[in-house]
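Below, read A as the first sequence line, B as the second, and so on, with proteins coming before strands; counting in each chain starts at 1.
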Amino acid sequence: MDDLTDQVEVRRQKLEKLRELRIPLYPNDFKPSHVSSRIIAEFGSLSEDQLSALTTTVSLAGRIMSIRSFGKASFFHLQDREGRLQVYVRRDRLGEEGYRLFQSLDIGDIVGVRGHLFVTKTKELTVAAHGLGLLCKCLRPLPEKWHGLADVEARYRRRYVDLMVNREVRELFEKRSRIIRLIRRFFEERDFLEVETPMMQSIPGGAAARPFITHHNALNMDLYLRVAPELFLKRLLVGGIERVFELNRNFRNEGISVRHNPEFTMLEFYQAFATYEDLMSLTEELFATVAKELAGSLTLSYGGSAIDLTPPWRRLTLIGALEEHGAKRAELESLEGLQAFARKRGLAFDPGLPYGNLLVEVFEEVAEPHLIQPTFVVGYPLEVSPLARKNDADPSVVDRFELYMGGRELANAFSELNDPLDQRERLLKQAEARRAGDDLAQAMDEDFVRALEYGMPPAAGEGIGIDRMVMLFTDSPSIRDVVLFPLLRPER
RNA sequence: GAGCCGUUAGCUCAGGCGGUAGAGCAUCUGCCUUUUAAGCAGAGGGUCGCUGGUUCGAGUCCAGCACGGCUCACCA
């Protein structure tokens, strides 16, 4: 951390020298007239003669990314929020003092430049500076100019450096922002209201996950960081907000992997008078809209495979998915048969697991990695879905789907259970399992059931993992690539 | 939590069978007024992740620890 290398020392000394010369070290009155990309767009196509006829003066500010010096003249590249532009400085134009100041600058310094445009011998649009000022000294050396910053750990810990020198990182996070904007617009256009519900909850609910615990001093009470906003969003359905969504962080106290960060961004939306089947179409539409706006194509490439988002997507039952991997329907319908199949596949499982839980586990093990093309998986057993509506024809399953794509789960949706008596029973059963040691089972939330007793319109709701969606659209193998500051152990 | 792999200069990397540390970029000095991986000449910069052990001698072999990556587990 306090690595005072020779390079840092040299830069500090340069700063001190400027201080002695009474040069303002951290001025804040420079206002750039232009951004690099706009200059290139506006003037890039002009000929040499047209440019030299121009009297336009441009000013821009940014970070020095490279310097090529010839003694009495130099070129450097300036990087601002949009890109890079070359700057040309020479002693006879900047003056003795101005040029000496330039010579004391380093790669990484933030400067403001004023000048006119011309084209170099090598046909690069360049600013010939007649004014140059230091706006902020960079006291640490930047990574090497053509390999950049490659060390993954350093890239996550010092994302600011990663962003400076690896252009594609900047582009990825711009893309992430665009995706989120498109999602918001999609739901706003359909009359959904965006809301914010508690992230600190006294009863964590809405998902089977371990919460983080924190403490409120004044009230002297423990609080949980939410694992899902679900139960609050459904209270809003009760309150008459018939179309509602929340796009924000969830927190789950789980291991870290290429698809798991302890805090992650989740979209949840609820629509009254709709069923989970309506949400399948809506989900197809959402992904198709984002894909078209983002890339102009319904096909995207992920991890070397092409994923075709053209609706309608395949629908498959859990059992059907397993049948595609050598299981016989008859053996999947009993607990014993299912256990036998799991053993045959060499899966380790808890023999005390109920049928429904085992079915899901076997599915995730055997079928999930192969679901590359978008697939709605349905036929989820009642016992793993305490908040979902029972299927009218077969009450042992619920009206629920999970969306798989690229070999992983992306979304989970169901027709919501709005029968308060049934909901109370199911939550009580969860609470009982919780007491019996299942710390993933949900807690009883009396107020949530009370809300349902006021009457919740029939509705369907869905959660989409936004980080995973961004991974898909940016062809990123790890969630850490799409989260600016992924959780790491503190460095020592 | 487990297994495998990695950690060498500010950055990117090389270091055969154990013999006391190298390159390019960056930095510093000198030359250079259209370069773009600018060039030329020279110089400085290292707790080889940390702690022990084996050895006459460890960047190299062994053990433990730290951090990271991948896989697995956890995540219904």
Side-chain N,O ([X]) to OP1/OP2 ([N]) below 4.0 Å:
{"X": "A:R155", "N": "B:U12", "answer": "no"}
{"X": "A:R91", "N": "B:U33", "answer": "no"}
{"X": "A:R157", "N": "B:G68", "answer": "yes"}
{"X": "A:K72", "N": "B:U33", "answer": "yes"}
{"X": "A:R68", "N": "B:C32", "answer": "no"}
{"X": "A:K14", "N": "B:C28", "answer": "yes"}

Between [atom2] on [N] and [atom1] on [X], what's the gap in Å once rounded to a whole number?
{"X": "A:E144", "N": "B:A23", "atom1": "CD", "atom2": "P", "answer": "15 Å"}
{"X": "A:Y404", "N": "B:C75", "atom1": "OH", "atom2": "P", "answer": "14 Å"}
{"X": "A:L149", "N": "B:A26", "atom1": "CG", "atom2": "P", "answer": "17 Å"}
{"X": "A:L142", "N": "B:A26", "atom1": "CG", "atom2": "C1'", "answer": "10 Å"}
{"X": "A:D481", "N": "B:G68", "atom1": "CG", "atom2": "C1'", "answer": "14 Å"}
{"X": "A:N253", "N": "B:G1", "atom1": "CG", "atom2": "P", "answer": "13 Å"}
{"X": "A:E254", "N": "B:C72", "atom1": "CD", "atom2": "C1'", "answer": "16 Å"}
{"X": "A:F212", "N": "B:C75", "atom1": "CZ", "atom2": "P", "answer": "15 Å"}

Tell which nucleotide pairs with [N], taking only Watson-Crick or G-U wobble pairs whose two distances are both under 3.5 angstrom.
{"N": "B:U27", "result": "B:A43"}
{"N": "B:U34", "result": "none"}
{"N": "B:A63", "result": "B:U51"}
{"N": "B:G22", "result": "B:C13"}
{"N": "B:C72", "result": "B:G1"}

To the side chain of [X], which of [options] is closest?
{"X": "A:K121", "options": "B:U12, B:C74, B:U35", "value": "B:U35"}
{"X": "A:S478", "options": "B:U35, B:C67, B:C70", "value": "B:C70"}
{"X": "A:T120", "options": "B:G68, B:U34, B:U27", "value": "B:U34"}
{"X": "A:Y88", "options": "B:G10, B:C70, B:U33", "value": "B:U33"}
{"X": "A:R489", "options": "B:U33, B:C67, B:U71", "value": "B:C67"}
{"X": "A:V258", "options": "B:G45, B:U71, B:G69", "value": "B:U71"}
{"X": "A:F70", "options": "B:G69, B:C32, B:C75", "value": "B:C32"}

Between [N] and [M], how many Å separate the two [atom1] atoms, rounded to a whole number?
{"N": "B:A43", "M": "B:A9", "atom1": "C1'", "answer": "15 Å"}
{"N": "B:G45", "M": "B:G10", "atom1": "P", "answer": "12 Å"}
{"N": "B:U60", "M": "B:A21", "atom1": "C1'", "answer": "12 Å"}
{"N": "B:G68", "M": "B:U27", "atom1": "C1'", "answer": "28 Å"}
{"N": "B:C61", "M": "B:C48", "atom1": "C1'", "answer": "15 Å"}
{"N": "B:C65", "M": "B:A23", "atom1": "C1'", "answer": "32 Å"}
{"N": "B:C62", "M": "B:U54", "atom1": "C1'", "answer": "7 Å"}
{"N": "B:A41", "M": "B:U51", "atom1": "C1'", "answer": "45 Å"}

| request: Could you pick out which residue, A:V119 or A:R468, lies toward the 5' side of RNA chain B when each is mapped onto its nearest nucleotide? | output: A:V119
| message | Need to verify one output field. Residue with the more 5' nearest nucleotide on RNA chain B, A:S385 or A:R259? | response | A:R259
| query | Just wondering, do A:F75 and B:U35 stack (centres under 5.5 Å, planes under 30°)? | reply | yes
With a 4.0 Å cut-off on heavy atoms, is [X] in touch with a base, just the backbone sugar-phosphate, or nothing at all?
{"X": "A:Y156", "value": "sugar-phosphate"}
{"X": "A:G148", "value": "sugar-phosphate"}
{"X": "A:V165", "value": "nothing"}
{"X": "A:S74", "value": "nothing"}

Say whether, by atom type as modelled, one donor and one acceptor occur between the side chain of [X] and the main chain of [Y] under 3.5 angstrom.
{"X": "A:R11", "Y": "A:C138", "answer": "yes"}
{"X": "A:R434", "Y": "A:A441", "answer": "yes"}
{"X": "A:D151", "Y": "A:A154", "answer": "yes"}
{"X": "A:S36", "Y": "A:G83", "answer": "yes"}

Quick one: are [X] and [Y] in side-chain contact, heavy atoms under 4.5 Å?
{"X": "A:R343", "Y": "A:F349", "result": "yes"}
{"X": "A:L231", "Y": "A:Q201", "result": "no"}
{"X": "A:L78", "Y": "A:M65", "result": "no"}
{"X": "A:I307", "Y": "A:I372", "result": "yes"}

What about [X]: does its side chain form a donor-acceptor pair under 3.5 Å with the base of [N]?
{"X": "A:Q7", "N": "B:A26", "value": "yes"}
{"X": "A:H147", "N": "B:C11", "value": "no"}
{"X": "A:D92", "N": "B:U33", "value": "yes"}
{"X": "A:E124", "N": "B:U34", "value": "no"}

| task | Assign B:C17 to syn or anti; the rule is syn for a glycosidic angle within 90° of 0 and anti otherwise. | result | syn
| task | For B:G16, measure the glycosidic angle (O4'-C1'-N9-C4 for a purine, O4'-C1'-N1-C2 for a pyrimidine) and name it syn if it falls within 90° of 0, otherwise anti. | result | syn
| message | Under a 3.5 Å threshold, yes or no: a donor from one side chain and an acceptor from the other, between A:T197 and A:E246? | response | yes
